[in-house]
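Every chain is numbered from 1 and lettered A, B, ... according to where its sequence line falls, protein lines coming before strand lines. Atoms considered below: every heavy atom in the structure, side chains included; atoms not considered: hydrogens, waters and symmetry mates.
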Protein chains: 2
Amino acid sequence: MSAEQVGRRERKKAATRQAIANTALGLFLERGYDAVGIREVAQAADVAVTTVFAHFASKEALVFDRDQGFQDRVVRAVTDRDAGTTAPEALREELHAIVRDFIVSNATPFWRLVASSPDLQEYESKMWLRHADALAVAVAADRGRPAVSPADQALARFVLGVFPLARDSADPQAAVDEIMNLIAAAWEVAG
Amino acid sequence: MSAEQVGRRERKKAATRQAIANTALGLFLERGYDAVGIREVAQAADVAVTTVFAHFASKEALVFDRDQGFQDRVVRAVTDRDAGTTAPEALREELHAIVRDFIVSNATPFWRLVASSPDLQEYESKMWLRHADALAVAVAADRGRPAVSPADQALARFVLGVFPLARDSADPQAAVDEIMNLIAAAWEVAG
DNA sequence: TTGCAAAACCCTAACCGTTAGCGTTACCGT
DNA sequence: ACGGTAACGCTAACGGTTAGGGTTTTGCAA
């Protein structure tokens, strides 16, 4: 048939997932994260509670369904960068791009929602830290080391910690620059 | 009466709190964190479930009852340091002291317990980050700034992130030095 | 000493996120 | 057409946490 081999099954599954996430996000934005329970999300999306958890690992994951890709971009910024660029430079640019993408997509209501719930903020931080090990490996390789040292882990965490700080700053782009300056300095003495 | 004005009331309250925490930690170490429920802890300590939560904000807080003081030590290391010492130097020494205190107190079973549960690890990270704002204020003051900039917040988080990394390292003291070298370099370019 | 407000505690019952167990429907490859 | 399996549903429960409302203990003053 057509080039897209996505069967009805996968399409329906994706549609269900989207419907759940959209319904949930809508309810959360409208009435607040804590005021809306999972049972209510399921009912509004016309699915069973178990189906919600078949698609999303937790209630918080419902909110962050959309920005999945941002995490890998950071790791790839190091591994797939141009030959003439240093790792800190590539990271600075990628973080700028990510922040820019968030701003142009008019994500301010979304940011307010996240800011309103400690659960969501915590989940977000964990989201970024979850990729710290992968980034630490890339950092170690970048510095020509076979094994991952505590310094590599620390640098990786420094970088992944930039986003939450920038998000809560008045001028996110300036915050990225300011913190990346620190990280670049730390990067040089690592060795 | 005597100089200690601690009435029977406060003493009894403190005793109840200790009894709960000791009972809980014993059960956790003996049978595993997840295998012991709050209802069981309450029963073993001969108190009501509501009493447990009157003393501790969460199940995880039962485990970390003892190392409350470590957090403030980091902040005080900056604010109460000698005149001739720089902030990064004071912090490096304090982190070393904290790690040493943990080792001499033979906290290895405790560390194993924390390492065995994602909930506990997460709670521990949060514990340290919770004081990041206080440390950020101290850092900003140390650098002669009236307001807290993103760089101050970043530096504070870098420092408070050392402990979890050191704890999981093979040589915690060396890890502290390694990471503090990075932070000291970052500190200098800040401003 | 007695009386009284507040603190500390208890019990019950529930809410909420999450999961196990098990059945049902819809899709896919053969 | 058909059998396997993926997606979904229902029910019931578990474990952390809290609200509501009562009982005992403590501190303090009349």
* To do: Dump the intermediate steps for salt bridge (Lys or Arg N to Asp or Glu O under 4.0 Å) on B/R81 and B/E93, then the final yes or no.
  => CA-CA 11 Å; B/R81 74 184 192 274; B/E93 215 163 310; over 6 Å; no
Mind calculating the distance between [atom1] ([X]) and [atom2] ([N]) to the nearest angstrom?
| X | N | atom1 | atom2 | result |
| --- | --- | --- | --- | --- |
| B/Q43 | C/dC11 | CD | C1' | 14 Å |
| A/E60 | C/dC16 | CD | P | 15 Å |
| B/D34 | D/dC14 | CG | P | 16 Å |
| A/E40 | C/dG17 | CD | P | 10 Å |
| B/D119 | D/dT17 | CG | C1' | 14 Å |
| B/I20 | C/dA8 | CD1 | C1' | 11 Å |
| A/K59 | C/dC16 | NZ | C1' | 8 Å |
| B/R31 | D/dG15 | CZ | P | 11 Å |

* Asked: At how many degrees, to 10°, do the end axes of the helix from C/dT1-D/dA30 to C/dT30-D/dA1 meet when each uses five pairs?
  -> 10°
* Please determine which of B/D177, B/L95, B/V99 meets the side-chain contact (heavy atoms from CB on, under 4.5 Å) test together with B/P172. => B/V99
* What is the per-nucleotide protein-contact pattern of nucleotides 6-12 of chain D, from the 5' end, where B denotes a base atom under 4.0 Å from a protein heavy atom, S denotes such proximity for sugar-phosphate atoms only, and - denotes neither? -> BSSBBB-
* Just by modelled atom types, is the A/A154 backbone N or O under 3.5 Å from a matching donor or acceptor in the A/R157 side chain? -> no
* Asked: Is the backbone N or O of B/F102 less than 3.5 Å from a side-chain atom of B/S105, with the two atoms forming a donor-acceptor pair by type?
  -> yes
* **Among D/dT26, C/dT18, C/dC28, the one nearest A/R8 by side-chain distance** => C/dC28
* Structure fact -> Interatomic distance, CG@A/N22 vs CG@A/L62, rounded to 0.5 Å, equals 10.5 Å
* Asked: Do we get B/K59 above B/Y123's six-membered ring, with its NZ or CZ under 6.0 Å from the centre and within 45° of the axis?
  -> no
* Between A/Q121 and A/A115, what is the shortest heavy-atom contact and its length? -> OE1-O, 3.1 Å
* Could you pull out the closest heavy-atom pair between B/F53 and B/S58, with the gap in Å? => CE2-CA, 4.1 Å
* A/E122 atom CD, over 12 foreign heavy atoms within 6.0 Å -> yes
